[in-house]
Amino acid sequence: MKRTAFTAVSIAAVLIAVSCSKEESTVSKDFEPMVIDAVSESIGTKAQTEHIYDLLWQNKDQILVTDGKVSDGFTLSEGAGTVKGKFVQDNEVSFAGEVEAFYPSTLVLGEKLEWPSTQTKNLVVPMYSKGTLGRSGSTGFSFSSLGSILEIALTTEINDVTVKSISVRDGEKNMSRTFTLNEDGLPEFPSTTRNSITLDLEDGEPIGITPKTFFIAVPAADYRKLKITVKTTDGRMTYFTGGHLDLTGNKVGLISLNAKDFKSGNLLPGRYTVNAEGKTVMFTKANLLYDGEGFCFYQKQIDSPASYNPSEVAHFFWSNDYNKSVGEYLPQDSSKSTNDILFTNATPTTPNPDLTVSGVSGRYRTLSADEWDYLLGNNEKRAGRWATGMIMHCQGIVIVPDDYCGDVPAVISNELSLQNAEEDGVVFLPRGGYRDSYKNIKYRDGDGSYSRGMYWASCPDSTNNGNAFCLYFESFGVIKPKEITTREHGCSIRLVMD
């Protein structure tokens, strides 16, 4: 049996849930701290890979002990680099009856247990034990893992790729944040949320054709809809879906991934089918913006301007020349031909090679009218995969990817839920209104009970050279993916990438 040892991360943070800190404690001369002989279990499995991992104690490691009323920290004094450590009590605290012990000490936040949602390459697997402490001599505690280890072997044939972070989520199960322990001492997570775990690699780890292995501590579960998103230090990303790994009990599970392509980091990690032939696209993270110097994206999907500002243009007139569409309050089409194409595109379904957005040239485009219609249509791929909704008090349309699990999240009320939805690739189109030829922004959400969203398509109206297609929706539930409006309206743009 192959044996691989991992060092547990040293805990430098000050305990939150202790009775008092070291600086504040008043320890009597006769104080004899209690001592715990702590043994950490190994984690092993023969499922998919044959590894055993020894969880080794490290200098300055701390465990938190509580009897339900008072708590105190215990710090490692002997046994660094082994599975048998001696922990000495930090403060003069007396416990009554049976106690519970948690590692790392930061697992306990106030009165809550919280699985680490952000981890580092120094692997820490949360552990738990319980028993009764004595004042004379050492007391033995056997620490059992509260979860399993996800092992990701990552390769790529692309040159110069340095991984900044790896995020893992499951379409059915919660993986981090607040949990409780059941009668068997095993974690139970709320079933109503699906929080993810991110491995933060700080300065980054280069990858190539030789597998680079990364490790994440996850709750024990049978994961059937895993989604893994890899981000690079230069802002690119790729993601993998459909993973199934049984990590019930205390196991190690291996997933081998080959990153064949990295997309712009301004994309949401989800694919959307936009025609009957199966063509898919990825949406950008927010609406298009001109900031007075160039094209970029808003930071949030809910953002849209409340009034006209030449340094915050997000309602664009329909033009085939992007140099004349920016910051103008009158349309500047010279021909207004029925053969024109919106300035973001070269054809109705291909990007404008000369258009640069956030440093990326010739990759982003706008959906055609037929693509908007298919995306929001009642077809095999897309039926039931969108809804009108409210995101952070902003009204609009919520659209989910082809492989999204569960109901469309029509109401999202906080930043964490929005972050989780975006990690699933969920798109939100706010009702940003439109801009008229006199620079006035009208019918924006928040300006009254009647609001609307208008998003350009790439196609003109073939019967009227002064009109073009757009996606139109309003506060009374009216949604028209192939609406026709005048080119003298300034509408929102949400770009996609093939």
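None of the values given here were measured: they were computed from a predicted structure.
A heavy-atom distance below 4.5 Å is not found between the side chains of Cys491 and His315.
In this structure, Asp340 pairs ionically with Arg487, as a charged nitrogen and a carboxylate oxygen lie closer than 4.0 Å. Remark: Glu422 does not engage Lys300 in a salt bridge, criterion side-chain N to carboxylate O under 4.0 Å. Using a 4.0 Å cut-off between a side-chain N of Lys or Arg and a carboxylate O of Asp or Glu, Glu371 and Arg365 qualify as a salt bridge. Note on Arg224 versus Asp246: no salt bridge recorded, every NZ/NE/NH1/NH2 to OD/OE distance being 4.0 Å or above. Taking the charged nitrogens against the carboxylate oxygens, Lys482 and Asp370 do have a contact shorter than 4.0 Å, which makes a salt bridge.
Atom NZ of Lys263 is surrounded by more than 12 heavy atoms from other residues, nucleotides or ligands within 6.0 Å. Residue Lys212 qualifies as enclosed at atom NZ: its count of foreign heavy atoms under 6.0 Å is above 12. Remark: Arg363 CZ is loosely packed, at most 12 non-hydrogen atoms of other residues, nucleotides or ligands lying under 6.0 Å away. Around CG of Asp407, the count of heavy atoms belonging to other residues, nucleotides or ligands within 6.0 Å does not exceed 12. The environment of Asp160 atom CG is sparse: at most 12 non-hydrogen atoms of other residues, nucleotides or ligands sit within 6.0 angstrom. Under a cut-off of 6.0 angstrom, the local environment of NZ in Lys285 is crowded, with over 12 non-hydrogen atoms contributed by other residues, nucleotides or ligands.
For the residue pair Ser458/Ser368, the side-chain donor-acceptor check at 3.5 Å is not satisfied. Looking only at atom types and distance, the side chain of Ser264 has a donor-acceptor partner in the side chain of Tyr364 under 3.5 Å away. Defined by atom type and a distance below 3.5 Å, a donor-acceptor pair is present between the side-chain atoms of Asn287 and Arg494.
Among the candidates Ser451, Ser307, Ser304, the single residue satisfying the side-chain hydrogen bond (donor to acceptor under 3.5 Å, both in side chains) test with Arg444 is Ser304. Among the candidates Asn420, Ile391, Ile302, the single residue satisfying the side chain to side chain contact (heavy atoms under 4.5 Å, CB included) test with Ile412 is Ile391.
Taking the six-membered ring where tryptophan is involved, the planes of Phe295 and Phe316 are tilted, since the angle between them lies from 30° to 60°. Ring geometry, His489 versus Tyr434: the interplanar angle falls from 30° to 60°, so the pair is classed tilted. Note on ring orientation: taking the six-membered ring where Trp is involved, the planes of Phe473 and Tyr455 are parallel (angle under 30°, cut-offs 30° and 60°). Ring geometry for Trp318 against Trp456 counts as perpendicular: the plane angle is over 60°, on a 0 to 90° scale with 30° as the lower cut.
For Arg271, there are no salt bridge (charged side-chain N to carboxylate O under 4.0 Å, His left out) partners, not counting sequence neighbours. Qualifying side chain to side chain donor-acceptor pair (under 3.5 Å) partners for Asn258, counting only residues two or more places apart in sequence or in other chains: Thr155.
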Query - Test log, rule side-chain contact (heavy atoms from CB on, under 4.5 Å), inputs Lys121 and Leu201 - result: CA-CA 6 Å; Lys121 57 187 176 182; Leu201 297 171; 4.1 Å; yes
Report task. Given side chain to side chain donor-acceptor pair (under 3.5 Å), test Thr232 with Asp234 step by step and report yes or no. Result -> CA-CA 5 Å; Thr232 65; Asp234 59 2; 2.4 Å; yes
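Smallest separation of non-hydrogen atoms from Thr486 and Asn467: CA-OD1, 3.4 Å. Taking both residues in full, the closest heavy atoms of Leu268 and Met282 are given as O-CE, 3.4 Å, listed atom of the first, atom of the second, then distance. Residue Ser148 comes nearest to Leu247 through the heavy atom pair OG-O, 2.9 Å, listed as atom of the first residue, atom of the second, then distance. Nearest heavy atoms, Ile152 versus Ile216: CD1-CD1, 4.2 Å. Summarising the geometry of Tyr103 relative to Val125, their closest heavy-atom pair is CD2-O, 4.0 Å, with the distance given to 0.1 Å. Across every non-hydrogen atom of Met237 and Thr229, the tightest pair is CE-CG2, 4.2 Å.
Taking the ring centre of Tyr404 as origin, the terminal cationic atom of Arg194 falls inside the region bounded by 6.0 Å and 45° from the ring axis. Remark: Lys173 fails to qualify as a cation-pi partner of Phe189 under the 6.0 Å distance and 45° angle criteria applied to the six-membered ring.
Separation of atoms CG (Leu226) and CD1 (Ile255) is listed at 5.0 Å; rounding is to 0.5 Å. In this structure, Ser319 OG and Ile341 CD1 are separated by 12.0 Å, a value rounded to the nearest 0.5 Å.
Sorted by first and then second residue, the side chain to side chain donor-acceptor pair (under 3.5 Å) pairs with a member in residues 376-386 read Arg382-Asp402; sequence neighbours excluded.
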